[in-house]
Amino acid sequence: MKQLTRRSFNGLATKGLLGSAFIANMPLANAFTTNKNSKKLGVALVGLGSYSTYQLAPSLLDTEHCYLAGIVTGTKEKESVWQEKYNIPKENIYNYENFDTIGDNDSIDVIYVVLPNSMHAEFCIRAAKAGKHVICEKPMAVSVAECDAIINACNEHKVKLSVGYRMQSDPYTHEVKKYVREKTFGDVLFVSSDAGYVSKGNPDQWRLNKKLSGGGALMNMGVYAIQTSIYGTGQNPISVSAQEFSTRPDYFMDTDETITAQFKFENGAVAHMMTSHNANGNRLKCHCSKGWFELDPAHSYGPISGRTSNGDVLKFPHKRQQALQMDDFAKHILLDSKNLAPGEMGKRDMIIVEAIYKSIREGGQEQLLSLGDLGIVV
Ligand code: NAD
């Protein structure tokens, strides 16, 4: 085979000239050594808070196709700590002000935005303008309009975009999707999903500040329950009705504490979700015409655990979900494999979030959803 450079390989893959069978059968190592620098993709983390520190940076030591190449931080003291710990070259360390010059740095391929939710849009758009591929943490933004702005910027600057939905790369999620697709337990009739934890500590934290978070439990944990409701049924909902509950208004002064919502699906299936910053929840149960299957826990960092009405206990080898997620995105960039969590998926979930808040404002009124145009199913 003629030697392909990364650019020519991508070009062929993008044009569909390699064919999916070719890509599926090609040993990944061969595909990646076509990269003109024979290197893994360099990822720069923007925002070095708890998720970057305890999950993403350690996961980048575990990835096959990318590595921690740079950091972007607003806290000067973190620079030398991270530089030393992860052997990051000085020229790959940026702050929020000089961030835009990252476009000149060839060792950075992907920028991963891990800031408070209201800052995602600004930094993802700046990353796209710098010509870098983008991973945006969940929730994608604080409004559908911001999701559109991120998607448009990435399209305009011809960079790839993904949302930090780590569960989309988890083998238990793939198994659930397979059960739904293959009707292993018959038709899914009812899905129940919970996603919550008890928030304690500093009431001034950004997650409880609407300006920075865009909302409370629904924005933070609710997106997991929205996602499980969708991949638990294999469809986008056609309507949603929602309710809000507040028992600690002195603590949750600015953001929602607990929300429940019910989805209807075109084939008659129904889903109920609960999300909370004041109650634990980490479960997906799918009741079907010929049995049931469940994940409990369903969306923590793993290992996830699952059971079925056949008495089977699901067991998959554990690997950090974030490593799987970043490798999946690297493969999407390098091999044009499927983007498991594209921007349109983050936007779809934000459309649902906005409909849930609207339903609550209107006393639980059912909101019709029209999600077909997005082309995103699960
Ligand atoms: P965090 O509070 O631990 O870190 C936030 C970072 O943003 C810090 O480095 C902080 O210095 C910086 N920052 C910049 N401007 C700020 C401001 N005005 N106020 C507060 N912090 C500011 O938060 P985190 O838990 O790392 O969450 C960051 C993002 O990652 C959020 O969007 C969150 O939803 C997402 N997240 C995703 C997962 C997941 O499983 N996918 C898990 C945790 C967090």
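Indexing begins at 1, ligand by ligand and atom by atom, following the structure's order. Heavy-atom basis, side chains included; hydrogens, waters and symmetry copies ignored.
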Judged by non-hydrogen atoms, does Y96 sit under 4.0 Å from ligand 1?
yes
Could you tell me whether some N/O pair between S52 and ligand 1 is separated by less than 3.5 angstrom?
no
Below 3.5 angstrom, do we get any N/O pair linking T75 and ligand 1?
no
Carboxylate-amine/guanidinium contact D327 K40, below 4.0 Å
no
Short version for W206: what comes under 4.0 Å of ligand 1, heavy atoms counted, is side chain
Which residue and atom name correspond to the protein heavy atom nearest atom 30 (O) of ligand 1, and how close is it?
E137 CG, 3.4 Å
At what distance is the nearest protein heavy atom to atom 18 (N) of ligand 1, and which residue and atom is it?
L212 CD2, 3.8 Å
Can you name the residues that form a ring-ring contact (aromatic ring centres under 6.0 Å, His included) with Y179, not counting sequence neighbours?
F185, F293
So which heavy atom in the protein is nearest atom 34 (O) of ligand 1, and how far is it from that ligand atom?
K138 O, 2.7 Å
Heavy-atom pair of closest approach, residues G232 and C286:
O-SG, 3.6 Å
Which residue holds the protein heavy atom closest to atom 4 (O) of ligand 1, what is that atom called, and what is the gap in Å?
G49 CA, 3.2 Å
Does the plane of the ring in Y96 sit parallel, tilted or perpendicular to the ring in F123? Use 30° and 60° as the thresholds.
perpendicular
Rounding to 0.5 Å, atoms OG (S213) and NE2 (H277) come to a distance of 8.0 Å
Any donor-acceptor N/O pair, K78 side chain to L48 backbone, under 3.5 Å
yes
Got the closest protein heavy atom to atom 3 (O) of ligand 1, with its distance?
S50 N, 2.7 Å
Within 4.0 Å of some non-hydrogen atom of K78, the atoms of ligand 1 are 9 (O)
For atom 26 (O) of ligand 1, the closest protein heavy atom turns out to be Y51 N, 3.0 Å
Tell me whether D100 is salt-bridged to R126, with the criterion being a basic N under 4.0 Å from an acidic carboxylate O.
yes
At a 4.0 Å threshold, what atoms of ligand 1 neighbour a non-hydrogen atom of G164?
41 (N)
Report the part of Y301 in contact with ligand 1, treating N, CA, C, O as backbone and CB onward as side chain, heavy atoms under 4.0 Å; options are side chain, backbone, both, neither.
side chain
Sorted by chain and number, sequence neighbours left out, side-chain hydrogen bond (donor to acceptor under 3.5 Å, both in side chains) with S246 holds for none
Could you check whether any side-chain N or O of D328 sits under 3.5 Å from a backbone N or O of L340, counting only pairs where one atom can act as donor and the other as acceptor?
no
Which of the atoms in ligand 1, numbered in the order shown and given with their element, are less than 4.0 Å from a heavy-atom of R166?
39 (C), 40 (O), 41 (N)
Using the rule given for side-chain contact (heavy atoms from CB on, under 4.5 Å), can you reason through Q322 versus Y301, listing the C-alpha separation, both sets of side-chain angles and the distance that settles it, and then say yes or no?
CA-CA 9 Å; Q322 294 84 357; Y301 299 147; 3.5 Å; yes
Atom indices of ligand 1, in the order listed, that fall short of 4.0 Å to a heavy atom of V114
28 (C), 29 (C), 30 (O)
Heteroatom proximity flag, L115 to ligand 1, N/O under 3.5 Å
yes
Within the 4.0 Å heavy-atom shell around Y224, which atoms of ligand 1 are there?
39 (C), 40 (O), 41 (N)
Atom 22 (C) of ligand 1 - nearest protein heavy atom and its distance:
P116 CG, 3.6 Å
Just jot down the ligand 1 atoms closer than 4.0 angstrom to any heavy atom of H120, in number order.
32 (O)
Please identify which atoms of ligand 1 are closer than 4.0 Å to at least one heavy atom of M119.
14 (C), 15 (N), 16 (C)
Under the 4.0 Å line, does any protein heavy atom show up next to atom 14 (C) of ligand 1?
yes
Carboxylate-amine/guanidinium contact K76 E79, below 4.0 Å
yes
So that I can tick it off, tell me whether D187 and K183 are bridged by a salt bridge, with the cut-off set at under 4.0 angstrom between side-chain N and carboxylate O.
yes
May I ask whether I151 and I351 are part of the same hydrophobic cluster, defined by side-chain heavy atoms of I, L, V, M, F, W, Y residues being less than 4.5 angstrom apart, directly or through others?
yes
Proximity to ligand 1 by part of R207, non-hydrogen separation under 4.0 Å:
side chain
